[in-house]
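Encoded as structure tokens, the structure appears first; notes follow it.
Residue numbers begin at 1 in each chain, while the letters A, B, ... track the order of the sequences.
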Amino acid sequence: MREKEKAVVVSQECIGTGIYSMIIKTKAADSAVAGQFVSIYCKDKTKLLPRPISICEIDKENGTIRIVYRVVGGGTEEMSGYKSGDGIELIGPLGNGFMQRENKKAILIGGGIGIPPMVGLAEALKDKAEVQIVAGYRDELFLTKELQENGSLYIATEDGSCGTKGTVIDAIKDKEIQGDVIYACGPTPMLRAIKEYAMGKGIECQLSLEERMACGIGACLACVCKSKDKDAHSNVNNKRICKDGPVFLAEEVEL
Amino acid sequence: MREKEKAVVVSQECIGTGIYSMIIKTKAADSAVAGQFVSIYCKDKTKLLPRPISICEIDKENGTIRIVYRVVGGGTEEMSGYKSGDGIELIGPLGNGFMQRENKKAILIGGGIGIPPMVGLAEALKDKAEVQIVAGYRDELFLTKELQENGSLYIATEDGSCGTKGTVIDAIKDKEIQGDVIYACGPTPMLRAIKEYAMGKGIECQLSLEERMACGIGACLACVCKSKDKDAHSNVNNKRICKDGPVFLAEEVEL
Amino acid sequence: MNTKVNIAGVEFKNPVMVASGTFGSGAEYGEFVDLNRLGAVVTKGVANVPWEGNPTPRIAETYGGMLNAVGLQNPGYDLFAKRDIPYLQNYDTNIIVNVCGRTTEDYIDVVEKLGHESVDMLEINISCPNVKHGGIAFGQDPKAVEAITKAVKAVAKQPVIMKLSPNVTDITEMARAAEAGGADALSLINTLTGMQIDVERQKFVLANKTGGLSGPAIKPVAVRMVYQVANAVKVPIIGMGGIASAKDALEFILAGATAVSVGTANFNNPNTTIEVIEGIEDYMERHGVEDINNLIGSVK
Amino acid sequence: MNTKVNIAGVEFKNPVMVASGTFGSGAEYGEFVDLNRLGAVVTKGVANVPWEGNPTPRIAETYGGMLNAVGLQNPGYDLFAKRDIPYLQNYDTNIIVNVCGRTTEDYIDVVEKLGHESVDMLEINISCPNVKHGGIAFGQDPKAVEAITKAVKAVAKQPVIMKLSPNVTDITEMARAAEAGGADALSLINTLTGMQIDVERQKFVLANKTGGLSGPAIKPVAVRMVYQVANAVKVPIIGMGGIASAKDALEFILAGATAVSVGTANFNNPNTTIEVIEGIEDYMERHGVEDINNLIGSVK
Ligand SMILES: Cc1cc2nc3c(=O)[nH]c(=O)nc-3n(C[C@H](O)[C@H](O)[C@H](O)COP(=O)(O)OP(=O)(O)OC[C@H]3O[C@@H](n4cnc5c(N)ncnc54)[C@H](O)[C@@H]3O)c2cc1C
Ligand SMILES: Cc1cc2nc3c(=O)[nH]c(=O)nc-3n(C[C@H](O)[C@H](O)[C@H](O)COP(=O)(O)OP(=O)(O)OC[C@H]3O[C@@H](n4cnc5c(N)ncnc54)[C@H](O)[C@@H]3O)c2cc1C
Ligand SMILES: Cc1cc2nc3c(=O)[nH]c(=O)nc-3n(C[C@H](O)[C@H](O)[C@H](O)COP(=O)(O)O)c2cc1C
Ligand SMILES: Cc1cc2nc3c(=O)[nH]c(=O)nc-3n(C[C@H](O)[C@H](O)[C@H](O)COP(=O)(O)O)c2cc1C
Ligand code: FES
Ligand code: FES
């Protein structure tokens, strides 16, 4: 039986404006793969729904995971106050994770708070394939050291303060980045542009999607995305992001 | 302007089974008198109503008050977990407090968790009058040292494990305690018996009452008790315990 | 930046008032809140004669809310007019008197008497779930809503706000009936009828068995009803139900409320009204809103 | 100590089940909960044909609760019968199939087909606030309630539970109508219609604008309705609305529910059902209750 686990915060630090990195000692580390997520319950009892947060890095040896998140509301605000030793309730790992293609030249694309899962993916892929990473920021950079250590990093910033001025697509074109497979996570407009780009190039493209979740395990049908074909489970053109995803092949889903 | 105050817990200890004593640094100490109470807000945001708790002792020099309470539900459970240095939000002092009769031989009667306010009252009265204290417990004793220091203490226990076996009235009769004025706080059946006893003896009797409260300041009319005569404020036979009380003359109220 | 709103010809310095029954007639909370800063004080319901209200316990705490069955205890019109109206006249805020009754005649009696007083508006409570006669009985039948509104309007000297009950299948039907009866404005929502049982003692927590549910727990129902009513009638709406922050208040305003009332939240934080007023100003600044009237009902 | 209850001839090992739509058909939560321990699994609503449901966002979090506007997405009867019923038959628990439809014919179609399956009971959802046609439209008019109940009963092979909407003026009227139509049991409550507005983005949080409010926030309303209905009809009641603990469940049972369902609380704690079952046993022991049936409706 799986269960809601009382995990423990190992450490937390602020790594950018409103962006926090937390190491959690959790059983989820045992089986987690890159691209999966955990759902974290708030201590504030007025907030009933767990918060889905991607796994950024997995340390199987120490039985810990790292998450990196942005404070956007009450739940993440609460989390940002946790200290080393605090309890943190969660379920996970949840979702499917990225399909790691061996020997396929990889382009990992992260946009904003979609960057964290790319760290774990890069770590997992680097012995299996050539890893190139394109990270898109508004202005302030974070996680660049971790990304650099696991592949060749290209940066795009909206304000041009670092790397290519513009979007991740601008960076790919600007730097003429080539690859066999794209793995991406970020805001929907970015994913839409990446899908179009990949389809144009005819290369495989895996997208990690986001939606509001209640159960996080596939039971409540809160978190669906539109699928191109009828989905085997739902029997309609809806896939559950929490269970069938969050990672989908670009051609499977409508954005 | 008065305000919801962010007070600070100075210390807390468990002084009996499920009974806690907490020292709070609060502005309420400046003006508080014995028999008044504070209303304490929970940190658990699902609980909106503040918890009324009597002031047990007042230390004006240090700007602190002491409260002694029993864990009976979620709010007091939460409070019992507070540690030295924690914030504690409250309003107070609230209510009227006991009318301290100078040179009138006093019988202070506390039953169960109605005992705490008698400590502060005994301290305030001891230089003004002869203080006799009757404390009724189920079995386990608490606050006896504080009571002893401020008057002659008589104990009644339901199981007879200490002092008179029976009620506070049994103890008064048993020990032939005489006085000019009774001050009492405790469960309603006890107060009813005391009222009857005092009326029979024809002596003044002040009773501290309890009721569920919302505002704690007299605005919402949640916490009324029945009054013998039409109340000047309500214009009906209801008095607000939080504002007009919690202390009433026995003959004013119906129990 | 303009935060003034106008309801039926009455100008409010800002759209933030207090919900009837949670603030007395202002005297007690006046120690915690500068009443001059409020858009209005809405008084506890007053009847033509004193009412004793219900036995205690009158309240129970619930998850994110509370139940009350105060039962409209009030000192009756005469003492109210002598004491509470003059008290409020000391402040630079609008006075809205909430009126309750058991029969149409009761309501009319109070409304007529109030015609001689300088109060700004009347709020007619036809939605109290905690009294056997009157109250909610009037508020759950569109014909009764229209009739009582007409009867009140016929004698009222001040603009009339009808306060609606959420314990109905279709709130727009009640709103339309009130509008048809001539209501100048609507207040919604009153409390949802609820119950709590003490399982250890195996008895009802409230002496009245049922009580009215209020507080943040009910806010989504209230916002929905305000939105529905705003799209069904032309008269302005005073929105309430669980407002505890400026964000909450703005939800109601965006949904179509011209003003808002803070009720249960006062018990949790006596300073709520002031925080709501300041929070709305801050929001307007951040969003470059010149006039609060531009926000009313702007989410469609 | 007996925790068995009987509803319309069906025996339940204990009175604790899950609320439709919050537990799928059990497969996903089966990883967290031993389904053999539940009194019943109530499935997500199933229609005669697959339904796509509403656009996203489908949910919003509220103070002590949540809004959902899933819109009854379901795989349609055929896949459901082929996959979900056999899955549940592997467990020693009762199977209650929740049925939805847009027209009376839709409901009848599913109910007829289910007649050939070994499921224990049918729960007819006439109270979903999140679909344009069908659902709540049937549940807010006593004539419609009676008619649909009759139509379903005419073809049903299993006992029929009618699931009532709380968005009505008088819940007992709907309960009586369902009883008059031949309902074997009643489920209540479904969700209260609510709304949330994102004030920063100035738009509705839910794509559907309104959604159904569930969770602890609504419990007092649900307990009140269960109490009212228990005192108005003779058929057994399955109570739900905000149950998150044994204490909550017992409130419903003392108010008159023969069984209870856990819905939204599963999202907050997948182990809630088990904790409720164990907590009820513990309560019975502490209070010396030999038979849970002695608790049903015992607070009057
Ligand atoms: C699979 C997945 C992985 C994610 N990984 C990360 C990550 O690694 N780092 C990170 O910073 N954020 C991540 N998010 C977004 C994160 O879940 C939200 O920022 C967070 O739930 C906001 O909670 P809050 O209480 O602070 O905000 P509030 O806005 O107060 O939350 C209100 C409700 O909306 C939900 N919600 C709000 N924003 C989102 C959103 N963008 N996606 C889904 N639900 C939302 C909340 O869960 C909650 O139920 C991920 C989301 C998903 C679905
Ligand atoms: C004037 C006054 C002085 C008091 N002084 C003391 C004291 O010195 N020590 C002490 O231990 N207790 C005292 N009490 C009782 C104390 O207020 C309750 O025990 C406490 O509110 C229970 O809160 P809870 O969350 O633990 O219990 P819950 O039962 O979970 O509380 C639920 C709700 O009921 C209210 N409530 C429950 N029991 C009581 C009660 N007996 N009186 C009033 N409201 C209640 C709570 O405030 C809350 O709103 C006093 C009560 C009053 C009115
Ligand atoms: C203790 C209490 C007393 C109330 N008394 C009245 C009243 O006298 N007249 C009235 O119209 N509404 C009364 N109400 C309803 C409130 O005015 C308001 O409509 C309701 O509580 C919802 O708002 P809230 O959630 O902000 O409290 C009362 C509410 C509470 C909690
Ligand atoms: C996400 C979600 C989906 C639901 N789907 C259904 C459904 O398909 N059929 C139905 O009758 N009720 C449905 N409901 C209502 C629940 O079964 C239940 O009546 C309601 O949520 C109140 O219980 P709760 O507060 O324990 O959740 C749904 C509720 C939620 C939260
Ligand atoms: S969150 Fe429940 S199905 Fe995805
Ligand atoms: S608690 Fe509000 S009047 Fe006493």
Does the side chain of [X] reach to within under 4.5 Å of the side chain of [Y], using non-hydrogen atoms?
| X | Y | value |
| --- | --- | --- |
| C:Y29 | B:I217 | yes |
| C:P57 | B:E211 | yes |
| B:R212 | C:V205 | yes |
| B:E3 | C:N271 | no |

For [X], is it the side chain, the backbone, both or neither that has a heavy atom under 4.5 Å from a heavy atom of chain B?
| X | result |
| --- | --- |
| C:D34 | both |
| C:N266 | neither |
| C:Y63 | both |
| C:T264 | side chain |

Flag yes if more than 12 heavy atoms outside [X] fall under 6.0 Å of its [atom1] atom; otherwise flag no.
| X | atom1 | value |
| --- | --- | --- |
| B:E140 | CD | yes |
| C:K82 | NZ | no |
| C:K247 | NZ | no |
| B:R192 | CZ | yes |

Can you give me the closest heavy-atom contact between [X] and [Y], atom names plus distance?
| X | Y | answer |
| --- | --- | --- |
| B:K4 | C:N268 | NZ-O, 2.8 Å |
| C:Q73 | B:V236 | NE2-CG2, 3.9 Å |
| B:A222 | C:I59 | CB-CG2, 3.7 Å |
| C:M66 | B:A214 | CE-CB, 4.1 Å |

Would you mind checking if B:K243 and C:E31 are paired as a salt bridge, meaning a charged N to carboxylate O distance below 4.0 Å?
yes
Salt bridge or not between C:E52 and B:K230? Use side-chain N to carboxylate O under 4.0 Å.
no
Pick from B:V224, B:I91, B:N237 with the largest number of heavy-atom pairs that fall under 4.5 Å of chain C
B:V224
Side chain, backbone, both or neither: which part of B:K226 has a heavy atom under 4.5 Å from chain C?
side chain
Give, for atom CG of B:L221 and atom CG of C:N54, the distance between the pair rounded to the nearest 0.5 Å.
11.5 Å
Working to the nearest 0.5 angstrom, can you tell me the gap between C:F80 CZ and B:N235 CG?
13.0 Å
Any sub-3.5 Å donor-acceptor pair from C:R83's side-chain atoms to B:H233's backbone N or O?
yes
Which residues, numbered in order, of residues 31-53 of chain B come under 4.5 angstrom of chain C by heavy-atom distance?
B:Y41, B:T46, B:K47, B:L48, B:L49, B:P50, B:R51
Under a 4.5 Å heavy-atom cutoff, which of C:A27, C:G65, C:G53 has the most pairs with chain B?
C:G65
Please lay out, stage by stage, how B:M213 and C:R58 fare under the test side-chain contact (heavy atoms from CB on, under 4.5 Å).
CA-CA 9 Å; B:M213 295 183 175; C:R58 290 179 169 184; over 6 Å; no
